[in-house]
*Asks:* 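Quick one: structure below, then a few questions.
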Amino acid sequence: MTNRELADIFNRIGDMLDILGENRFKVLAYHRAADQILHLGQDIRACWQAGTLQQIPGIGPAIAEKIDELLTTGRLEFYERLQDQVPAGVVSLLEIPDVGPKTARLLWERLGLQSVAEVEQAARAGKLRTLPGLGAKSEARILAGIEALYRRSDRIPLGAAWPVAADLVEGLKARCAEVVDAAVAGSLRRMRSTIGDIDLLAASESPAAVMRAFSSHPHVAELLLSGPTKTSVRLHNGLQADLRVLEPQRWGAALQYFTGSQAHNIRLRELAQKQGLSLSEYGFKRQDGSEIVCRTEEEVYRTLGLPWIPPELREDRGEIQAALAGTLPPLVEWDDIQGDLHVHTNWSDGAGTLAEMAEAARAKGYRYLVISDHTQSLGVARGLTPERLREQRAEIDALNAQWDDFVLLQGCELEIKADGSLDLPDEVLAGLDFVVASVHSSLRQDPAQITARVMNAIHHPSVDVIGHPSGRILGQREESAVDLEAIIRAAAESGTALEVNSTPARLDLDDLHVRRAVEMGVKLAINSDAHHPAGLDSLPFGLATARRGWATASDVLNTLTLEQLRAWRQARITGATHSEPPRGGRG
DNA sequence: GCCGTTTTCGGCCCGACTGTTTTCAGTCG
């Protein structure tokens, strides 16, 4: 039973208890436990076997016992009894926007409705308006919610949401003189890998003018709700966008609040309470009603006795405890990045020439760039044979003669073939400057098979990095069955680095496995996997993913200078232990 | 159901918006 399956069960238990009218804090406890399990970053069976379940925040004796029963027997009596009381179809009604536990229970008890389709039928027949507390408007609203549910678009990748959000922010600033400041907030500012909706914030003394400018933006398809401080719209691409407008002097508190996450904010408010303060998007309130208004986020955190916490960490995964203890990690930053270790050119399936890719990298201030075109067995990508690699080497050498501040390295993205063998002979690999090894084929092999393939590459002395280790494509392809925990352990032993692939649709490793890798002392390579010069621009998405996994510069291979990178590689090949040299800033 | 440098019992974040209401409940984030 996987973490996700356990989390699903506890979430459904929470939903069923909610519908039954159980104490809301008990309901919350189940949802919190589910969230913790889902974001554990390692298989919960390891904690179970080690007897450390109750060390996970939000898991106490009752839920630990239920986890034990589920993992031991595959069943949970408590859950089965609840399922007898609340039909699964009734729980599914909670998926309808604006239908919560109270309404779901009402629909079930008074009209016997047990599916979204039945609710839709009843609404069309005008039956919902006969229920206490519901009128014609609620009925129409629920019907609209069901239609939205049917055409619901899934979460979209971070990299796809950014340009739209940037357009909206720019639009606000350009179209409305009353806007003092505007910014992206929410999960987008926290740089989650996928985005469910776009949260925006504006500072202004004239909210109404800002709301008008927002709701008339060309991206906007439909006005969902509108009040004096908040407007929600649906965009033409199907995404929902929410805008909050606040007074400029409250900017810091508002930005903090609206960035979330919700779980992080709840923790902050609990801290505030202990100090006799109440925290909201407007700032702090003392018990006598006087206010502490915060113009910056730093002031919000300082008032609570905390250092400013980077948005990427605000998920209630230990960052507040670390901030209290003064042990927040110094996260890797853009200025730390010295080069990109994985790009393609028109020698294989890329669109740019060697010179074009090199100049684009130089323009970013990089000191080096690894050309890692595909290898021969990936025919669709015109993978390189040993002969063509030799020809490419000559061209790279010629290009390198013209720079004294930048170096092109010759590498490859080596195919890990379906039988686990590598796509180039050892002597060819040994002649390259750097090797990224990746799986592109037979992604549906069983866990043992595909894990063994990657293990083989990890233990090869010429392989420096495992590329996009999970193989996921966001919204299209689940990760392969590869045992990432085992891969991370093996990488820690062999000194092989794991990639954080920055392509917006990949972001692979994900933040949770980055965190696990950092804990295990594994080096990360934050790479763009660019297939054209503009593709280099996606590296910040991988950088953010690494930051979400608590990575510091010393965890990241491509923060090393060229000399250090070469020394790191040499030390691995010779098996020597290497001390950590100081990093040089890119300036 | 979880949790504790104010607590092992008694708390548990806070506000906006909507609809159906005469002051509030439900939902959402």
Side-chain angles (χ1 to χ4, degrees), chain A residues 10 13-14 17-19 21-36 53-67 78 93-107 128-142 144-145 148 185-187 190 196-201 207 211 223-232 240-246 250 253-254 256-285 304-305 316 320-321 324-325:
Chain A
F10 287 120
I13 288 174
L17 292 175
D18 210 355
I19 290 167
E22 179 59 271
N23 177 309
R24 65 194 177 101
F25 297 108
K26 186 189 277 194
V27 171
L28 184 65
Y30 277 101
H31 287 302
R32 272 188 172 170
D35 200 48
Q36 285 291 337
L53 282 175
Q54 291 192 49
Q55 287 172 23
I56 300 169
I59 293 182
I63 292 181
E65 198 176 311
K66 292 184 173 66
I67 293 171
F78 175 71
L93 301 185
L94 298 179
E95 289 176 33
I96 304 170
D98 298 314
V99 172
K102 298 293 188 291
T103 309
R105 182 172 186 170
L106 190 68
L107 296 172
L128 302 195
R129 66 184 72 183
T130 66
L131 295 171
L134 295 185
K137 279 191 171 176
S138 294
E139 190 175 74
R141 211 172 154 85
I142 289 171
S187 55
R190 301 199 311 280
D197 58 20
I198 292 175
D199 294 311
L200 302 175
L201 186 65
M211 298 304 183
L223 188 64
L224 295 178
L225 66 85
S226 178
T229 69
K230 177 177 175 178
T231 291
S232 291
Q240 182 175 328
D242 301 329
L243 172 70
R244 279 291 284 271
V245 184
L246 287 109
R250 298 184 191 274
Q256 194 292 313
Y257 163 84
F258 218 34
T259 297
S261 66
Q262 194 177 9
H264 176 89
N265 286 355
I266 288 172
R267 294 295 179 206
L268 289 193
R269 287 170 191 177
E270 288 170 357
L271 273 184
Q273 276 199 323
K274 286 180 185 165
Q275 301 178 26
L277 298 169
S278 161
L279 174 61
S280 75
E281 60 265 52
Y282 298 106
F284 293 94
K285 241 184 218 163
L304 293 169
D316 187 28
I320 291 169
Q321 294 86 331
L324 282 168

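Throughout, protein chains are lettered first and strands after them, A, B, ... in sequence-line order, and every chain is numbered starting at 1.
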*Asks:* Taking OP1 and OP2 of B:dC13, is either one under 4.0 Å from a side-chain nitrogen or oxygen of A:Ser278?
*Replies:*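 So the side chain of A:Ser278 is outside the cut-off, no N or O lying under 4.0 Å from OP1 or OP2 of B:dC13.
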*Asks:* So among A:Leu225, A:Leu223, A:Leu200, which one has a side-chain contact (heavy atoms from CB on, under 4.5 Å) with A:Thr231?
*Replies:*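 So the option named by the test is A:Leu223.
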*Asks:* What is the minimum heavy-atom distance between A:Asp242 and A:Phe258, and which atoms define it?
*Replies:*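 Closest heavy-atom pair between A:Asp242 and A:Phe258: O-CE2, 4.2 Å.
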*Asks:* Report which part of the nucleic acid A:Leu225 touches: base, sugar-phosphate, or nothing (heavy-atom distance under 4.0 Å, all strands).
*Replies:*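 Touches sugar-phosphate only.
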*Asks:* Is the phosphate of B:dA16, meaning OP1 or OP2, less than 4.0 Å from a side-chain N or O of A:Tyr282?
*Replies:*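 Affirmative; the distance criterion is met.
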*Asks:* Among side-chain atoms of A:Asn265 and A:Gln256, is any donor-acceptor pair under 3.5 angstrom?
*Replies:*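 Side-chain D/A pair, A:Asn265 to A:Gln256: present.
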*Asks:* When rounded to the nearest 0.5 angstrom, what distance separates CG in A:Asp316 from CD1 in A:Ile266?
*Replies:*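 The distance works out to 8.5 Å.
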*Asks:* Hey, can you pull the residues of residues 94-107 of chain A with a non-hydrogen atom under 4.0 angstrom from DNA chain B?
*Replies:*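 Hits under 4.0 Å, by residue number: A:Ile96, A:Pro97, A:Asp98, A:Val99, A:Gly100, A:Pro101, A:Lys102, A:Thr103.
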*Asks:* Does A:Asp199 or A:Gly58 map to a spot on DNA chain B nearer the 5' end, using the closest nucleotide for each?
*Replies:*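 In this pair, the answer is A:Gly58.
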*Asks:* Would you say a side-chain N or O of A:Lys274 is under 4.0 Å from OP1 or OP2 of B:dT5?
*Replies:*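 For B:dT5, OP1/OP2 do not have a side-chain N/O of A:Lys274 under 4.0 Å.
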*Asks:* Using atom types as modelled and distance alone, determine if a side-chain donor or acceptor of A:Arg32 lies under 3.5 Å from a backbone N or O of A:Gly58.
*Replies:*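 Judged by distance alone, no pair lies under 3.5 Å.
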*Asks:* Does B:dT8 pair with anything, Watson-Crick or G-U wobble, both distances under 3.5 Å, and if so, with which nucleotide?
*Replies:*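 Here B:dT8 is not engaged in any pair, so there is no nucleotide opposite it.
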*Asks:* Between A:Lys66 and A:Phe78, is NZ or CZ placed under 6.0 angstrom from the six-membered ring centre and within 45° of the ring axis?
*Replies:*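 Checked: cation-pi criterion met.
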